[in-house]
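Let me begin by presenting the structure, written as structure tokens, before commenting on it.
For the single chain, residues carry numbers from 1 onward in sequence order. Counting convention: from 1, in listed order, for ligands and their atoms alike.
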Amino acid sequence: MKTLRLILGDQLNPEHSWFQRTEPNCIYALFEMRQETDYVRHHIQKVIGFFASMRAFADSLRKAGHQVIYYHINDPQNKQELHANIRQLIAQENIGRFEYLLPDEYRLDLQLKGICTSLELETGYADTEHFYTGRDELAIFFEGKKQFLMESFYRYMRKKHQVLMEGDQPEGGKWNYDQSNRKKWTGEPAIPNALVFENEVSEIVRDIERAGFETIGHWRGGYFPYPVNKEQALEQLEYFCRHLLPHFGDYQDALHTDQEFLFHSRLSFAMNTKILSPRTIVERVVDYYREHSEQIHISQVEGFVRQIIGWREYMRGIYWKEMPAYAQMNLLDNQQPLPDFYWTGNTKMKCLSTAITNSLDNAYAHHIQRLMITGNFALLAQIHPDAVDQWYLGIYIDAIEWVEITNTRGMSQYADGGIIATKPYVSSASYINKMGNYCKSCRYDRSKRTGENACPFNSLYWNFLDSKKDKLRNNRRMGMMYNLLSKIPETEMEEIRLRASKIIEDPDEF
Ligand SMILES: Cc1cc2nc3c(=O)[nH]c(=O)nc-3n(C[C@H](O)[C@H](O)[C@H](O)COP(=O)(O)OP(=O)(O)OC[C@H]3O[C@@H](n4cnc5c(N)ncnc54)[C@H](O)[C@@H]3O)c2cc1C
Ligand code: SF4
């Protein structure tokens with residue numbers, strides 16, 4: 001009996017047990033489909049990256065002796081939709097059994113369950129063997145708890161997987177070096193150029209143009225710079241360890257006009273497509289640290305490990321615990337449309353124009369740009385979380401719903417009312433100025449709350465606290481902010497409200 005095995009575009013795990021031996025009666029299928037290119041408007045580089053990695057993966061499977069059927073986006077037999085393509089192959093290849101890898105997106109999970117119910121043959125599924133945790137592990141860990149603190153989940157993960165541990169105690173005596181991970185970067189230490197790969201993708205670009213679907217962002221020709229196979233991903237990991245890890249933790253939260261990547265790893269694309277596993281990354285980073293412990297402080301390594309075995313696994317767990325209701329949450333009742341400048345970078349606010357231009361140019365922005373610049377503004381300007389989600393889901397090279405929506409709707413927009421973040425991540429200009437140099441070259445005055453030249457973040461910030469009082473005042477972590485708010489004289493508050501309402505009504509004017 002012949003088996004058809006489906007591999008989705010973010011399931012390119014070369015280590016998977018499926019691929020460890022060739023089976024003559026097994027056919028692997030990969031499809032480039034309009035159902036995937038069109039469910040949101042993606043950044044052009046994101047589509048190029050997915051197609052390039054899928055094509056490279058299919059080639060590597062063929063070279064290893066597996067049978068592969070690959071539908072390119074413009075192939076005439078491509079029905080552009082999962083169900084139709086699977087049905088077609090089942091009939092054409094005389095398939096007796098259909099198998100898939102558990103998808104990470106709720107949408108695809110539902111679709112594949114539906115497809116299996118409708119097929120009149122044996123079906124089965126397997127785990128992707130990528131994550132540290134199973135889909136339900138976080139839900140079990142927090143069972144009966146009212147709060148789902150990332151920190152307690154992270155400590156559980158450190159202990160369970162014995163990462164940076166000495167018995168049951170954290171290596172170095174501390175679980176968390178967050179406090180020392182907050183340096184501003186002012187030109188030193190030097191940041192090496194980002195490692196870029198010269199992946200030739202002109203054929204893919206032609207295919208995308210011919211297919212004619214809409215994309216966002218820029219593609220200036222040339223090469224696709226992110227890793228598209230395991231060898232490149234390992235090279236990127238090695239580069240990170242050698243050149244960036246020594247300062248990763250210190251400058252994790254820094255912002256700078258001239259540095260798009262700072263000391264960040266740019267490994268999210270390779271990880272989210274599953275080309276590289278989080279385990280490989282964490283083990284190599286810890287080993288590298290051990291080999292160089294005289295030059296690298298544990299705080300740099302802990303800061304990195306926390307992102308992967310902490311935040312990344314935590315977001316996946318929350319996603320499976322809270323979906324599908326999570327995608328509808330809007331607990332702060334924000335209703336504004338997304339400003340046009342999110343699609344162009346055309347705004348006088350230097351921090352936003354820099355972060356958005358980086359995103360449009362590279363399909364990348366580092367975490368603090370996403371959280372404290374574009375996310376912060378969207379929340380303060382009271383943008384509807386659906387619009388914010390659509391933007392984040394489209395624009396980033398690493399954006400896949402399970403990790404995008406939890407970060408956007410949860411961590412950044414507080415639309416889940418505090419499932420992920422214990423308080424909204426909002427700030428005025430003072431934080432942005434503390435962490436970077438954007439304000440220095442901005443036309444707005446970061447120290448003013450009112451008046452024509454006042455930084456828009458300032459009036460928006462106080463207006464946000466004021467207008468969301470009913471929903472936020474009882475949050476103990478907001479006590480200090482509400483105390484400061486209460487000290488602003490009512491006459492000034494009136495001016496703040498007026499200026500904020502003008503910005504909210506027409507953000508593209510600012
Ligand atoms: C509003 C918003 C939206 C985001 N959307 C995405 C997304 O669609 N896809 C995505 O992978 N990450 C997302 N993140 C998390 C984070 O910003 C990116 O993972 C990171 O910027 C990727 O760049 P890097 O590989 O250089 O990361 P580094 O700074 O080098 O971090 C190393 C790795 O840690 C993991 N990581 C770090 N922070 C997080 C986090 N908060 N959640 C999950 N994993 C994390 C990533 O896998 C990342 O590759 C989002 C964050 C925010 C605030
Ligand atoms: S002054 Fe305000 S708008 Fe300008 S860069 Fe600073 S925070 Fe952004």
Closer than 4.0 Å to some heavy atom of L371 - which atoms of ligand 1 meet that? 53 (C)
Enumerate, atom names and distances included, each donor-acceptor pair closer than 3.5 Å involving a side-chain atom of residues 239-248, sequence neighbours excluded.
residue: Y239; atom: OH; partner: N193; partner atom: O; Å: 2.4

Cation-pi between R41 and F213: NZ/CZ under 6.0 Å from ring centre and within 45° of the ring axis? no
Out of the candidates T374, L393, V403, D389, only one should pair with T408 under the side-chain contact (heavy atoms from CB on, under 4.5 Å) rule; please name it. D389
On a heavy-atom basis, the closest approach of I48 and I204 is CA-CG2, 4.1 Å
At the 4.0 Å heavy-atom cut-off, does F248 count as touching ligand 1? yes
Donor-acceptor side-chain pairing of E302 and N176 below 3.5 angstrom: no
Please report the shortest heavy-atom distance between Y396 and K46, naming the atom on each side. O-CD, 3.2 Å
In terms of atom number and element, which parts of ligand 1 are under 4.0 angstrom from non-hydrogen atoms of S268? 22 (C), 23 (O), 25 (O), 49 (O)
Once side chain to side chain donor-acceptor pair (under 3.5 Å) is applied, do any residues pair with T344, and if so which ones, sequence neighbours excluded? none
Protein N, O or S atoms less than 2.8 Å from atom 4 (Fe) of ligand 2, ignoring waters? C442 SG
Option whose closest heavy atom lies nearest to atom 27 (O) of ligand 1, chosen from S265, G394, A194: S265
Numbering as shown, the atoms of ligand 1 that approach S412 to under 4.0 Å (heavy-atom distance): 1 (C)
Flag the pair R306 and E151 as a salt bridge only when some basic side-chain nitrogen lies within less than 4.0 angstrom of an acidic carboxylate oxygen. no
Contact check, F304 vs ligand 1, heavy-atom distance below 4.0 Å: yes
Heavy-atom proximity to atom 20 (C) of ligand 1, best of M372, E404, Q413, R370: R370
At a 4.0 Å threshold, what atoms of ligand 1 neighbour a non-hydrogen atom of M315? 42 (N)
Got an N/O contact under 3.5 Å between D398 and ligand 1? yes
Can you check whether F261's main-chain N or O pairs, donor with acceptor, with R266's side chain at less than 3.5 Å? no
By number and element, which atoms of ligand 1 are closer than 4.0 Å to a non-hydrogen atom of T408? 1 (C), 3 (C)
Enumerated ligand 1 atoms positioned under 4.0 Å from heavy atoms of I308: 33 (C), 34 (O)
Within-shell test, Y364 vs ligand 1, heavy atom, strictly < 4.0 Å: yes
Going by atom types alone, do Q336 and N334 pair a side-chain donor with an acceptor below 3.5 Å? no
Give the single entry among W391, Y396, W311, F261 that approaches atom 39 (C) of ligand 1 most closely by any heavy atom. W311
Would you call A365 a ligand 1 contact, heavy-atom distance under 4.0 Å? yes
For the pair R284 and E238, find out whether any cationic side-chain nitrogen is under 4.0 Å from an anionic carboxylate oxygen. yes
Side chain to side chain donor-acceptor pair (under 3.5 Å) involving E322 - partner list, sequence neighbours excluded: none
Of the protein's non-hydrogen atoms, which lies at the shortest distance from atom 38 (N) of ligand 1, and what is that distance? Q307 OE1, 3.3 Å
With a 4.0 Å cut-off on N to O distance, would you call E15 and K230 a salt bridge? yes
Numbered atoms and elements of ligand 1 in range of M271, under 4.0 angstrom, heavy atoms: 47 (O), 49 (O)
